[in-house]
Engineer: 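Once you've had a glance at the structure underneath, I'll fire off some questions.
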Amino acid sequence: MNHIDFIASSAASAVKALYGTEPGPGLIQVQPTRKEFEGDVTLVVFPLLKTSRKAPEATAQEIGLWLKDNVAQIESYNIVKGFLNIKLSGSYWAEVLSALASNPEYGQLPPTGKTVMVEFSSPNTNKPLHLGHIRNNLLGWSISQLLKACGHNVMRVNLVNDRGIHICKSMLAWLKCGNGITPESSGMKGDHLVGDFYVKFNDLFKAEVKELVAGGMSEDDAEKNAPILKEAQAMLVKWEQGDPEVVELWRTMNGWVYDGFDRTYRSLGISFDRTYYESQTYKGGKALVEDGLSRGIFFRAEDGSVWCDLTGDGLDRKLLLRGDGTSVYMTQDLGTARQRFEEYNLDEMIYVVGNEQNYHFQVLKLILGKLGFGWADSIYHMSYGMVELPEGKMKSREGTVVDADDLVVKMYNTAKETSLELGKLDGMSESEQDSLFRMLSMGAMKYFILKVDPKKTMLFDPKESIDFNGNTGPFIQYTHARIQSILRKAEGLEKVAGKAELLPKEESVIALLASYPEKVREAGAAHSPALIANFAYDLAKEFNQYYHDTQIIREEDAAVRSQRLVLSETVARTLRHAMNILGIELPDRM
RNA sequence: GGUUCCAUAGCUCAACUGGAUAGAGCAACAGAUUUCUAAUCUGUAGGUUCAGGGUUCGAGUCCCUGUGGAAUCACCA
């Protein structure tokens with residue numbers, strides 16, 4: 001039990017003893033005391049006035065007095081308006097510190113037995129990954145780390161969109177002007193190579209449209225009838241028929257892309273437990289729709305297409321099967337959702353997908369609910385906002401798309417430059433330096449993106465993202481490196497808490513540490529890694545202030561020094577745990 | 001037009017789910033280094049929380065109305 005819960009339950013006892021009634025849920029409101037006031041924990045008494053039938057100050061006074069008399073760990077209290085500020089004793093905090101320090105898994109919540117699947121990344125195989133995918137990947141990775149910390153079994157999955165007209169476009173352009181080029185022959189990363197042919201297709205397409213328009217065709221008609229587009233569509237039909245040549249080319253080029261993606265994933269430090277491919281799942285879901293049709297949940301239009309009427313829910317009608325009987329995106333998702341819930345007996349299914357698909361997931365849940373699946377409510381769309389640049393949205397036409405691999409390299413170079421400038425890496429080998437620069441650059445980038453509330457549109461300013469001072473990943477990494485440096489020098493010294501008095505600043509650091517498991521639970525419930533990022537920053541900042549004007553190793557009193565070492569070590573361990581949730585590693589030196 | 005989301009310091013973001021005098025970082029200015037790592041710390045300045053109403057002991061947070069912005073409403077995925 002942390003200090004907040006401890007005071008809450010003590011306050012509940014006080015109310016019962018003083019007023020004879022058990023306080024109802026929500027009436028005991030306890031929060032950390034704000035810095036301006038004296039105390040550790042604050043009880044808000046306003047909700048209790050109906051029970052006490054007294055003025056706020058008088059109620060606070062009575063409860064404060066009772067607590068001081070009956071709870072040994074409470075040292076003093078003061079009252080400001082309707083707020084009862086309670087100060088816990090130094091020995092209480094010392095005990096808390098000892099307990100935290102002795103738990104190597106601190107921050108890991110007990111197993112819940114629940115299984116959660118997180119789907120994220122889900123790229124198309126016609127373009128390399130860009131900044132938007134990075135936000136997706138980082139969110140997906142960190143939400144799954146977070147849920148693991150909450151005690152759930154977590155399964156990370158990727159659903160690769162490996163089929164469709166866009167893939168055929170790249171293939172066609174490669175056939176027309178690739179001259180047999182491969183990643184090996186060109187030295188290019190496969191996803192970039194294929195992406196270039198996708199761009200090439202669009203160039204050829206535009207040229208044809210222009211020519212047709214010049215010949216007197218309307219722009220709309222020209223865009224629909226450009227020969228190269230017709231060719232791509234014909235290729236898609238061949239692919240669906242299993243034409244050996246087309247399928248072979250498709251396999252080869254997708255293989256190039258997967259190699260490229262793997263490298264990007266590795267540089268971001270993410271991986272999956274299972275990868276699904278749309279080419280294998282896109283036909284699923286039809287049976288589900290047929291079933292709904294026979295039960296009168298869906299209806300068939302005159303042309304044979306199947307729909308779900310959602311006008312009663314304030315939405316539109318949604319197509320589920322085309323007139324020719326083929327399925328659409330929604331059909332597939334209905335099918336895969338059911339397959340996954342049944343195969344893995346999921347308690348929750350999280351889709352990390354951009355907010356441009358809010359409507360899709362709203363409809364998905366509604367339809368599954370109409371089909372009678374109780375687990376429809378266990379679907380959570382982790383919807384995140386776009387990443388914009390200082391000059392506005394990323395536009396591929398204007399060439400402002402920030403490529404994931406380029407960004408990773410740029411961040412690495414900046415980390416390297418900054419580190420070498422500071423010149424603290426004497427005696428570090430090349431490979432150690434390399435891994436440090438990776439840690440720092442990815443730490444900066446990941447923290448920059450993850451500290452923002454997922455659902456908000458965020459601005460990515462390249463200049464600001466490479467700033468390593470202030471509220472940044474490297475700030476937290478630096479705090480850790482300094483602690484590790486102390487601990488190295490303290491090797492052989494005793495580390496025990498509870499044998500010495502604590503400074504006020506030490507108590508507030510311990511209070512922060514003590515609130516960590518609750519923060520993990522809260523962040524998990526809110527599906528928000530940003531809460532963990534903010535916690536880590538607060539803890540690092542609090543420790544830095546403490547570190548600045550307190551001696552640790554140089555402290556002469558052995559009991560005090562020993563306790564400070566325990567505190568430092570526990571802060572370092574908690575920072576590692578929190579940052580690991582974000583997918584950020586902390587160096588021992590920097 | 002329907003649905004959903006967003007709006008807080010010059011800029012980027014917080015605010016414990018309704019609590020005290022709305023906090024950090026960046027940028028600006030003034031300081032701290034014979035030091036356990038200055039990628040740090042201290043201070044100054046910066047606000048009608050988009051506007052107006054409502055709910056109550058109490059609203060950045062909840063409910064209306066409006067303004068501004070974003071996404072979406074395909075026989076694309």
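So that the names make sense, note that chain A is the first sequence line, chain B the second, and so on, each numbered from 1. On a predicted model such as this, the values are computed, not experimentally measured, just so you know.
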Engineer: Taking syn as any angle within 90 degrees of 0 and anti as the rest, which one fits U49(B)?
Structural biologist: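 Anti, angle beyond 90° from zero.
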Engineer: Less than 3.5 Å between a donor and an acceptor, one on the side chain of Asp538(A) and one on the base of A15(B), is that the case here?
Structural biologist: no
Engineer: How many angstroms lie between atom CE of Met382(A) and atom CG of Asn355(A), to the nearest 0.5 angstrom?
Structural biologist: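 Here the interatomic distance stands at 12.5 Å.
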Engineer: Could Arg561(A) and Glu494(A) be called an ion pair, given the rule that one side-chain N must be under 4.0 Å from one carboxylate O?
Structural biologist: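 No, no charged N to carboxylate O under 4.0 Å.
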Engineer: Going by the angle between their ring planes, with limits at 30° and 60°, are Phe299(A) and Trp307(A) parallel, tilted or perpendicular?
Structural biologist: parallel
Engineer: Evaluate whether the aromatic ring of Phe37(A) and the six-membered ring of the A20(B) base sit under 5.5 Å apart, centre to centre, with an inclination under 30°.
Structural biologist: yes
Engineer: Between His527(A) and Tyr380(A), is the ring centre distance below 6.0 Å?
Structural biologist: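 So the answer is yes for these two rings.
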Engineer: Name the pairs: protein N/O against N/O of nucleotides 56-62 of chain B, kept only if under 3.5 Å.
Structural biologist:
none

Engineer: If I pick the C1' atom on G46(B) and the same atom on C26(B), what distance separates them, to the nearest angstrom?
Structural biologist: 13 Å
Engineer: Relative to the 5' end of RNA chain B, which residue comes earlier, Gly323(A) or Ile553(A), by the nucleotide with the nearest heavy atom?
Structural biologist: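 Between the two, 5'-proximity favours Ile553(A).
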Engineer: Look at the side-chain N and O atoms of Arg322(A) and state whether any lies under 4.0 Å from the OP1 or OP2 oxygen of C76(B).
Structural biologist: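 Affirmative; the distance criterion is met.
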Engineer: Determine the interatomic distance between P on G18(B) and the same-named atom on C6(B); round to the nearest Å.
Structural biologist: 14 Å
Engineer: Do Tyr447(A) and Asn471(A) have side-chain N/O donor and acceptor atoms under 3.5 Å apart?
Structural biologist: yes
Engineer: Can you check whether Asn469(A) has a side-chain N or O nearer than 4.0 Å to OP1 or OP2 of U40(B)?
Structural biologist: yes
Engineer: Would you mind checking if Glu240(A) and Arg163(A) are paired as a salt bridge, meaning a charged N to carboxylate O distance below 4.0 Å?
Structural biologist: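 Salt bridge between Arg163(A) and Glu240(A), a charged N being under 4.0 Å from a carboxylate O: yes.
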Engineer: Report yes if a side-chain nitrogen or oxygen of Arg482(A) is closer than 4.0 Å to either non-bridging phosphate oxygen (OP1 or OP2) of A38(B); otherwise report no.
Structural biologist: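 Affirmative; the distance criterion is met.
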Engineer: Should the pair Phe448(A) and Phe460(A) be assigned to parallel (<30°), tilted (30 to 60°) or perpendicular (>60°) ring geometry?
Structural biologist: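 Because their plane-to-plane angle is over 60°, the rings of Phe448(A) and Phe460(A) count as perpendicular.
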Engineer: Taking Watson-Crick and G-U wobble pairs with both distances under 3.5 Å, convert RNA chain B into its dot-bracket string, 5' to 3', dots for unpaired and | for cross-strand pairs.
Structural biologist: (((((((..((((.....[...)))).(((((.......))))).....(((((..]....))))))))))))....
Engineer: Rounded to whole angstrom, note down the P distance from A20(B) over to U65(B).
Structural biologist: 28 Å
Engineer: Which nucleotide in the list C16(B), A20(B), U8(B) gets nearest to the side chain of Val80(A)?
Structural biologist: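 When the side chain of Val80(A) is considered, A20(B) is the closest of C16(B), A20(B), U8(B).
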Engineer: Does A71(B) have OP1 or OP2 under 4.0 Å away from a side-chain N or O of Lys455(A)?
Structural biologist: no
Engineer: List the steps and the verdict of side chain to side chain contact (heavy atoms under 4.5 Å, CB included) for Leu440(A) and Ser419(A).
Structural biologist: CA-CA 9 Å; Leu440(A) 295 177; Ser419(A) 299; 3.6 Å; yes
Engineer: Has Tyr537(A) got its ring stacked on the base of A24(B), with centres under 5.5 Å and planes less than 30° apart?
Structural biologist: no
Engineer: State whether Lys489(A) places a side-chain N or O below 4.0 Å from either non-bridging phosphate oxygen (OP1 or OP2) of U37(B).
Structural biologist: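 Answer yes for this pair, as a side-chain N or O of Lys489(A) is under 4.0 Å from OP1 or OP2.
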Engineer: Please confirm whether the shortest side-chain N or O distance from Thr457(A) to OP1 or OP2 of C6(B) is below 4.0 Å.
Structural biologist: no
Engineer: Taking the minimum atom-to-atom distance to the side chain of Tyr329(A), which one of C13(B), G2(B), A77(B) wins?
Structural biologist: A77(B)
Engineer: Roughly how far apart, to the nearest Å, are A9(B) and G47(B) at atom P?
Structural biologist: 10 Å
Engineer: If the P atom of G1(B) is compared with that of G10(B), how far apart are they to the nearest Å?
Structural biologist: 32 Å
Engineer: Taking only side-chain nitrogens and oxygens of Lys456(A), does any of them come within less than 4.0 Å of OP1 or OP2 of A7(B)?
Structural biologist: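 Yes, Lys456(A) has a side-chain N/O under 4.0 Å of OP1/OP2 on A7(B).
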Engineer: Measure the CD-OG1 distance between Glu388(A) and Thr400(A) for me, rounded to the nearest 0.5 Å.
Structural biologist: 10.5 Å
Engineer: Give a yes/no verdict on a cation-pi contact between Arg135(A) and Tyr384(A), requiring under 6.0 Å between NZ or CZ and the six-membered ring centre and an angle within 45° of the axis.
Structural biologist: no
